2 protein chains.
Amino acid sequence: MNARERLVTSAQELLWERGYGGTSPKAVQERAGAGQGSMYHHFAGKADLTAAALERTAAAERERAESVLGGDGPALERIAAYLRRERPALRGCPIGRHAADPDLVADPALRAPVEQTFAWLRDRLAGIVAEGQRDGELRADVEPAAIAAAVVAAVQGGYVLARAAGAQEAFDLAVDGAVLLVEGLRA
Amino acid sequence: MNARERLVTSAQELLWERGYGGTSPKAVQERAGAGQGSMYHHFAGKADLTAAALERTAAAERERAESVLGGDGPALERIAAYLRRERPALRGCPIGRHAADPDLVADPALRAPVEQTFAWLRDRLAGIVAEGQRDGELRADVEPAAIAAAVVAAVQGGYVLARAAGAQEAFDLAVDGAVLLVEGLRA
DNA sequence: GTCTATATACAGATAGAC
DNA sequence: GTCTATCTGTATATAGAC
């Protein structure tokens, strides 16, 4: 792997662990085994490198979600599978964690991958809910977009609860609750 | 208000806006109109001041939650009132936002107020669900602790979605979805 | 493409005068 | 209790040699 690739990969790891504000160019360089000059040759600066790393992480997350949402089973089963996907909650969400950083959120180029990931995910889930309604599997009197947002929020909030509690169990419990609630949508 | 109080208040504001890692002692001092010497006279350092500020914010948040949860109406109504309480979502949750900070979470004295706020909230909501089950208002076949965790998570995740989207509406939609889902618990 | 040297600013604190 | 001075380390670059 060349220096540029190693820099992006290292940035992805550090951004997940420490966030944007907590990740210094120097730390990225050290983990990548690249010098200052190398980094500033390949990227205009910290924000530019971060944008590249975030875009890659966002693409990977969409792919992981699609692998669980893309089946052809009943809607409820696919939504539950999304909720129950294994997640190391104490590490936080590699995308969602960045919503807390004011500098990242203030920079359109850095917020874009985060925004788009959730936009895609909410839309994807809303489509599955609507499908379940058309098939007569789910109650037709609820707004798919609202259910989708609540499901994604339950997962993101589960990360918050787990890190606050210092325990994976808090995440698992929130997901259990979300699954119970979503099952109440059965027609 | 004396210097000590002004320092705590300023720290509360900055911690909400910028988080722990993003808040410098100097910035707190400037907002408080206090000098370095004053701050280090009243507090051992940044972590100590932060602990005092977080405890005060946590107490205020519990009080705000209790004012909406403490009624004597039906369980569903109180839970919906908690979900629907007005929140400036783009500012983030003054307590929950700190779950994303690795340094804060790693320091037991700093994590404690965050952990305890959510522990209290989850317990309070679980009690309300259990009450609704005893009264025959809610389905008895769901675990109250799981429902409570999912409700709190929906709110915390709503903040994430709103900040990611740069729009309050994302929060409101997640809350709408959560209310719809919780209404499915009616016996 | 990568290296080393250099630069400005800020973080987070300590010391001692008043 | 508060002030000013001072200190060490880090963040985030730029400059120019190789």
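In this text, all values refer to a predicted model and were calculated from it rather than measured experimentally. Order of the sequence lines sets the chain letters (A, B, ...), proteins ahead of strands, with each chain counted from 1.
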Colleague: To the side chain of Q36(B), which of dC3(D), dT2(C), dT4(D) is closest?
Modeller: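 My answer, after comparing the listed nucleotides, is dT4(D).
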Colleague: Let's see if you can work this out: which of dT12(D), dG12(C), dC3(C) has an atom nearest to the side-chain heavy atoms of Y40(A)?
Modeller: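 Within the option list, the nearest is dT12(D).
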Colleague: Of all the choices, dT12(D), dG12(C), dT2(C), which nucleotide is nearest to the side chain of H42(A) once you look at every atom?
Modeller: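 Given the options dT12(D), dG12(C), dT2(C), the side chain of H42(A) is closest to dT2(C).
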Colleague: Using the closest heavy atom to pick a nucleotide of DNA chain D for each, name whichever of G37(A) or Y20(A) lands nearer the 5' end.
Modeller: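 By nearest-heavy-atom nucleotide position, the 5'-most residue is Y20(A).
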Colleague: Counting side-chain heavy atoms from CB outward, which of dG1(C), dA11(D), dA13(D) is closest to H41(A)?
Modeller: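 For H41(A), the side-chain atoms sit closest to dG1(C).
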Colleague: Tell me which nucleotide among dT12(D), dT2(C), dC3(D) gets nearest to the side chain of S38(B).
Modeller: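 Selected nucleotide: dC3(D).
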Colleague: In whole angstrom, what separates F43(B)'s CZ from dA13(C)'s P?
Modeller: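 In whole Å, dA13(C) P and F43(B) CZ are 13 Å from each other.
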Colleague: When the distance from CZ of R4(A) to P of dT2(C) is rounded to whole Å, what number comes out?
Modeller: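 After rounding, the gap between these two atoms is 11 Å.
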Colleague: Flag the pair R124(A) and E66(A) as a salt bridge only when some basic side-chain nitrogen lies within less than 4.0 angstrom of an acidic carboxylate oxygen.
Modeller: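 Between E66(A) and R124(A) there is a salt bridge, with a charged N closer than 4.0 Å to a carboxylate O.
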Colleague: Where the side chain of P25(A) is concerned, which of dT12(D), dA13(C), dG1(C) is the nearest nucleotide?
Modeller: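 Selected nucleotide: dT12(D).
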Colleague: Could you tell me whether E77(A) and R84(A) have a side-chain N and a carboxylate O separated by less than 4.0 Å?
Modeller: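 Answer for the salt bridge query: no.
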Colleague: Are a donor atom and an acceptor atom from the side chains of E61(B) and T117(B) found within less than 3.5 Å of each other?
Modeller: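 The criterion, which ignores hydrogens and geometry beyond distance, is not satisfied for T117(B) and E61(B).
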Colleague: What's the CD-C1' distance between E5(A) and dG1(C), to the nearest Å?
Modeller: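 One finds 15 Å between C1' of dG1(C) and CD of E5(A), rounded.
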Colleague: Under 4.0 Å between a side-chain nitrogen and a carboxylate oxygen: does that hold for R97(B) and E17(B)?
Modeller: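 No.
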Colleague: If the cut-off is 4.0 Å, is K26(B) near the phosphate of dA11(C), judged by side-chain N/O to OP1 or OP2?
Modeller: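 For dA11(C), neither OP1 nor OP2 has a side-chain N or O of K26(B) closer than 4.0 Å.
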